[in-house]
Amino acid sequence: MANEVKSRNAGKLDAKIPDGTLSEKWTNHKFQMKLVNPANKRKYEIIVVGTGLAGASAAASLAELGYNVKSFCYQDSARRAHSIAAQGGINAAKNYPNDGDSVFRLFYDTIKGGDYRSREANVYRLAELSVNIIDQCVAQGVPFAREYGGLLDNRSFGGAQVSRTFYARGQTGQQLLLGAYSALMKQVGLGQVKLYPRHELLDIVIVDGAARGIVTRDMETGAIESFSANAVILATGGYSNVYYLSTNAKGCNVTASWRAYKKGAFFGNPCFTQIHPTCIPVTGDHQSKLTLMSESLRNDGRVWVPKQAGDKRAPNEIPEDERDYYLERKYPSFGNLVPRDVASRNAKEMADAGKGVGSSGKAVYLDFADAIKRLGVEKIKEKYGNLFDMYKQITDEDPYKVPMRIYPAVHYAMGGLWVDYNLMTTVPGLFAAGECNFSDHGANRLGASALMQGLADGYFILPYTVGGYLANLKADKLTADHEAFKEAEKNVKDRITKLLSIKGNKTVDEFHRELGLVMWDYVGMSRNEKGLKHAIEKIKEIREDFWKNVKVLGENEELNQSLEKAGRVADFLELGELIAEDALHRKESCGGHFREESQTEENEAKRDDKNFSYAAAWEYKGDGVKPKLNKEELVFENVKLTQRSYK
Amino acid sequence: MERTLNLHLKVWRQKNRNAEGRFVDYEANNISTEMSFLEMLDVVNEKLIKNGEDPIAFDHDCREGICGMCSLFINGRPHGPKDAITTCQLHMRNFKDGETIVIEPWRARAFPVIKDLIVDRSAFDRIMAAGGFISANTGGAPDANAIPISKNVAEDAMDAAQCIGCGACVAVCKNSSAMLFVGAKVAHLGRLPQGKAERERRVIAMVNQMEKEGFGACTNTEACSAECPKEISMDVIAMLRREYYRAMLKTEE
């Protein structure tokens, strides 16, 4: 394995939660943080890696304040990050529909939806800021859906009993991202942000115990370059691609977070991964990714399977009384709108019982016949037109006529770099925002909350907390000539040389698929001790085989997509083991993490608050050495922990 | 129903910006009709790697038709033979067994080829940086419902805002014009009340940058709109012209 720069011990785990009542914490904290004088802001350099919602909004907002920002992304443009694919919407506690919503209710729903494994103070702040996000986006020209009266429209989403989701057709993520991208591009035009597209982060540089820059590879020329800064923000997304098949974009990877982990940033709750219930089922071995159908479809679609196992009749031939609308039957008060983890697990249960539909038997129906009867085709088309078109494009079936076939797929990583209340990792000066941190969603994320978190972090939190960090720094003249950069560059180059020199007989994708299958089978929707131990052994074997047998053609000094993938898969091969370790140690079930050993008589996830009411923060101790588990005890002062029930 | 196809590919290969490119023939056998076009290329690439040959480089990311990263001129049409989709959403069931498929990169002076099927579209980003925004710095925005916007206006703005910046419009245009791309942004922002304050500056800055980048002029062939994966309407080009003339009359810049 390639050399790593020695990690520094980052010290104690202090979440730095401000004093005061829940509703006062953020306000007090904003006041107590030191400010950077406007004239001094231009003396600071900030690196932002990633141009999704969190990265673009952070880079734009920091540049607006006067900081010098460098923004990096692996795509060819800052407009393409995978936030763009979010369909359904963004939550905000605006209470425009007057249906009983409030900041506290959004906070409460998010904590409960996360199965009480997130930090109260962070989640409350998120709910509080949600209302500002909508205002900001409308001001930028995000064309949210509106009522005829000209006011904003809302819809409801899983895990909530109020309508608080704002949306722009089925392309909410796209419109929000283009809003943040245009704010970013304005700063690029003004020279306040320098943009580095087609650049991939390959290491983070630590000088005197603080993050001071990054090493990147220019993906067109292969040039390895160093960039210094006073603070580094990672907004590099989630790691669902460790499963090979996921709803993430093909390029999504864990490399930036993993480099940070190896430099001393703790990794929080890696086993908290989310399986989304409504994806288009797999068709064959060639499958390269899975496509999600927005959860908003569950507002009008009814989920069912045949009552009889092995019933191979076409859906329209199965009479009403021979169908099992199992979500409505088991959860009468939430019905088809139960949270994602519950919906996913139930679909798997049906498939495992032989009631799955379609040629693979790994699917359930999502039926719009009733909604079309009730609302008419036109109304359904208006609400979900593009989703229906997309489904037809992929499956060659018309969902206006036959029910959709859906099945769960890996979708989102609640886990990520551990951060304190300031969104700073355990490495001073290294911040993490959006999906790549572990902060707000606990063990399960509610629909329409990822967009909210990304933008809250980028627009409204980092501009304050990064300033608070910089205000305490002494200015220095550190440049990328410092030896720490040279050392990091050398490590990066050595690793690339190693990958290119193996010249084995298996392609990178073959290894990635192999890893993905192990992860899905043993570290997927339901997990047990034996399976997890098996997975850990298997992953080690695959990893060893990878470093002996991977075949990466070409050279570094060119656009080399195999080399890019190889570096990412090498990191996934290490992350996979950590996910399994984390899942093994957490013997309770909670949210997206379902341990078969810990379930209620009704096969629902059973938490163990006595022993596991903490965030697990894993500390890297060297290759081949077991990482150290640090615990952040979660204190609940404002909500009562209950067994989640959606019945 | 799933079938398999045997296909002949003619693929543009070019080592880098400065190298000369050429078409290379490949056979793609046992291709499932359930595969997407990019999955078919994945299969071809896996075989090339196994044989020690340089795989075909192509841009792609989300593979669900929204990021705008994938491109490809397939049998003379951007994003292939079906309307209103991107290449990643194109499925092999749209091809016949034994068919020859010609695959090229976008071709336009403003989009130089970087490698094989990958082009440099940073010209679009520079146009956006010149004026494709509403200046609303973070913080201090009024309540989102403070300005009612009629449903029709919001929907019209949304129609234009759907552009994914893929560049198919430029690639298909005989003049390599970027008027549909620029028009879509000008229409999206100009149709909303929030965007009116800087409409003159915006349209002049974007058009100036567009010309600087070497995109051609529009001669109303309408191929751009016909091939746009998001079906952006020609209306946005009409609006771009109107906005531009209006701005020229109103300002002295």
Side-chain angles (χ1 to χ4, degrees), chain A residues 60-61 64 75-80 82 84-85 94 96 134-136 138-141 143 145-152 168-169 171 174-175 178 182-183 185-186 188-189 195 197 220 249-251 283-284 286-289 291 390 393-394 396 459 463 507 509 551 553-554 558-559 561-562, chain B residues 15-16 32 34-36 38-39 42-43 46 49-50 52 54-55 57 59-69 85 89 91 93 114-115 118 120-122 124-125 128-130 132-138 141-145 148-151 154 157-158 161-162 165 188-189 192 194-195:
Chain A
S61 302
E64 286 163 8
Q75 297 90 349
D76 73 327
S77 160
R79 63 178 294 152
R80 310 215 192 275
H82 202 53
I84 208 164
K94 280 284 198 186
Y96 286 154
I134 304 302
D135 299 342
Q136 179 61 30
V138 166
Q140 287 171 341
R146 289 183 182 261
E147 309 270 12
Y148 280 104
L151 303 182
L152 291 158
R169 294 192 192 150
Q171 291 136 278
Q174 181 200 24
Q175 293 309 312
L178 293 181
S182 64
M185 293 316 287
K186 181 185 172 196
V188 171
L195 200 61
E220 187 188 333
K250 289 296 283 179
T283 58
H286 56 262
Q287 193 95 23
S288 61
K289 77 152 272 163
T291 305
M390 187 161 86
Q393 205 56 252
I394 293 172
D396 211 19
Y459 281 133
T507 66
D509 275 356
K551 183 169 191 168
L553 299 173
E558 62 176 345
L559 193 156
Q561 293 178 316
S562 304
Chain B
K15 195 153 172 49
N16 54 45
S32 161
E34 294 294 308
M35 282 182 199
S36 72
L38 297 184
E39 285 168 347
D42 289 341
V43 169
E46 284 289 284
I49 296 171
K50 287 274 182 195
D54 192 23
D59 262 336
H60 65 100
D61 204 22
C62 80
R63 295 207 178 189
E64 48 189 278
I66 193 75
C67 76
M69 188 114 173
I85 54 169
Q89 296 172 295
H91 276 69
R93 65 179 80 92
I114 296 178
K115 182 174 181 180
I118 296 181
D120 177 351
R121 286 171 287 197
S122 53
F124 272 7
D125 283 331
M128 286 293 291
F133 47 79
I134 290 173
S135 297
N137 283 5
T138 306
D143 186 85
N145 263 345
I149 301 174
S150 87
K151 190 178 170 75
M158 181 65 204
Q162 292 193 81
H188 159 212
L189 300 178
L192 293 169
Q194 297 92 324

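Chain letters run A, B, ... following the sequence lines, proteins first, then strands; residues in each count from 1.
With no hydrogens or angles considered, no side-chain donor-acceptor pair links Thr507(A) and Asp509(A) at under 3.5 Å. For the residue pair Lys250(A) / Ser288(A), no side-chain donor-acceptor distance below 3.5 Å is found, with atom types taken as modelled.
Interface remark: Ser32(B) contributes side-chain atoms only to the contact with chain A (heavy atom separation under 4.5 Å). Heavy atoms of Gln393(A) lying under 4.5 Å from chain B belong to its backbone as well as its side chain. Residue Leu152(A) touches chain B through both its backbone and its side chain, counting heavy-atom pairs closer than 4.5 Å. Contact of Gln136(A) with chain B is made through backbone and side chain together, with heavy-atom distances under 4.5 Å. With a threshold of 4.5 angstrom between heavy atoms, Ser61(A) approaches chain B through its backbone and through its side chain. Heavy atoms of Ile118(B) lying under 4.5 Å from chain A belong exclusively to its side chain. In this structure, chain B has heavy atoms under 4.5 Å from both the backbone and the side chain of Gln75(A). Proximity to chain A is absent for every atom of Ala130(B), based on heavy atoms less than 4.5 angstrom apart. Ala60(A) does not touch chain B: none of its heavy atoms, backbone or side chain, sits under 4.5 Å away. Looking at Asn16(B), there are no atoms closer than 4.5 Å to chain A (heavy atoms on both sides), in backbone or side chain. With a 4.5 angstrom heavy-atom cutoff, His286(A) touches chain B via backbone and side-chain atoms both. Contact annotation for Lys50(B): both backbone and side-chain heavy atoms come within less than 4.5 Å of a heavy atom of chain A. Contacts between Leu192(B) and chain A at a heavy-atom distance below 4.5 Å involve the side chain alone, from C-beta outward.
Ranked by heavy-atom pairs under 4.5 Å with chain A, the first of Gln162(B), His188(B), Gln89(B) is Gln162(B). When each of Arg93(B), Arg121(B), Lys15(B) is scored by its heavy-atom pairs under 4.5 Å with chain A, the top score falls to Arg93(B). Ranked by non-hydrogen atom pairs under 4.5 Å with chain B, the options Gln175(A), Gln287(A), Glu147(A), Lys94(A) are led by Gln175(A). Note: Asp76(A) leads Ile134(A), Asp76(A), Leu195(A) in heavy-atom pairs under 4.5 Å with chain B. Residue with the most contacts toward chain A among Asp54(B), Asp143(B), Leu38(B): Asp143(B) (heavy-atom pairs, distance under 4.5 Å). Among the candidates Gly189(A), Ala145(A), Pro143(A), the residue making the largest number of heavy-atom pairs closer than 4.5 Å to chain B is Pro143(A). Between chain B and the options Gln140(A), Met390(A), Arg79(A), heavy-atom pairs under 4.5 Å are most frequent for Arg79(A). Comparing Asp59(B), Asp120(B), Leu189(B) by how many heavy-atom pairs each has under 4.5 Å with chain A, the most go to Asp59(B). Across Asp125(B), Ile134(B), Val43(B), the residue that shares the most heavy-atom pairs under 4.5 angstrom with chain A is Asp125(B). Counting heavy-atom pairs closer than 4.5 Å to chain B, the top-ranked of the candidates Val138(A), Thr291(A), Leu178(A), Thr283(A) is Val138(A).
When atom types are taken as modelled, the side chain of Asn145(B) and the backbone of Leu151(A) share no donor-acceptor pair closer than 3.5 angstrom.
Residues Ala136(B) and Ala139(A) approach most closely at CB-O, 3.8 Å, considering heavy atoms. Heavy-atom minimum distance, Leu559(A) versus Ala57(B): CD2-CB, 4.2 Å. Residues Ala144(B) and Asp135(A) come closest through the heavy atom pair N-OD1, 2.8 Å. In this structure, Cys62(B) and Gly65(B) approach most closely via the heavy-atom pair SG-N, 3.5 Å.
Atom CD1 of Ile66(B) is separated from atom CD of Gln171(A) by 5.0 Å, given to the nearest 0.5 angstrom. To the nearest 0.5 Å, atoms OG (Ser562(A)) and CD (Glu46(B)) are separated by 8.5 Å. The CZ atom of Arg146(A) sits 3.5 Å away from the CD1 atom of Ile149(B) when rounded to the nearest 0.5 Å. For the atom pair Glu39(B) CD and His91(B) NE2, the distance stands at 6.5 Å (nearest 0.5 Å).
Put simply, the side chain of Cys67(B) does not reach to within 4.5 Å of the side chain of His82(A), judged on heavy atoms.
By the 4.0 Å N-to-carboxylate-O rule, Glu64(A) lies too far from Lys186(A) to be salt-bridged with it.
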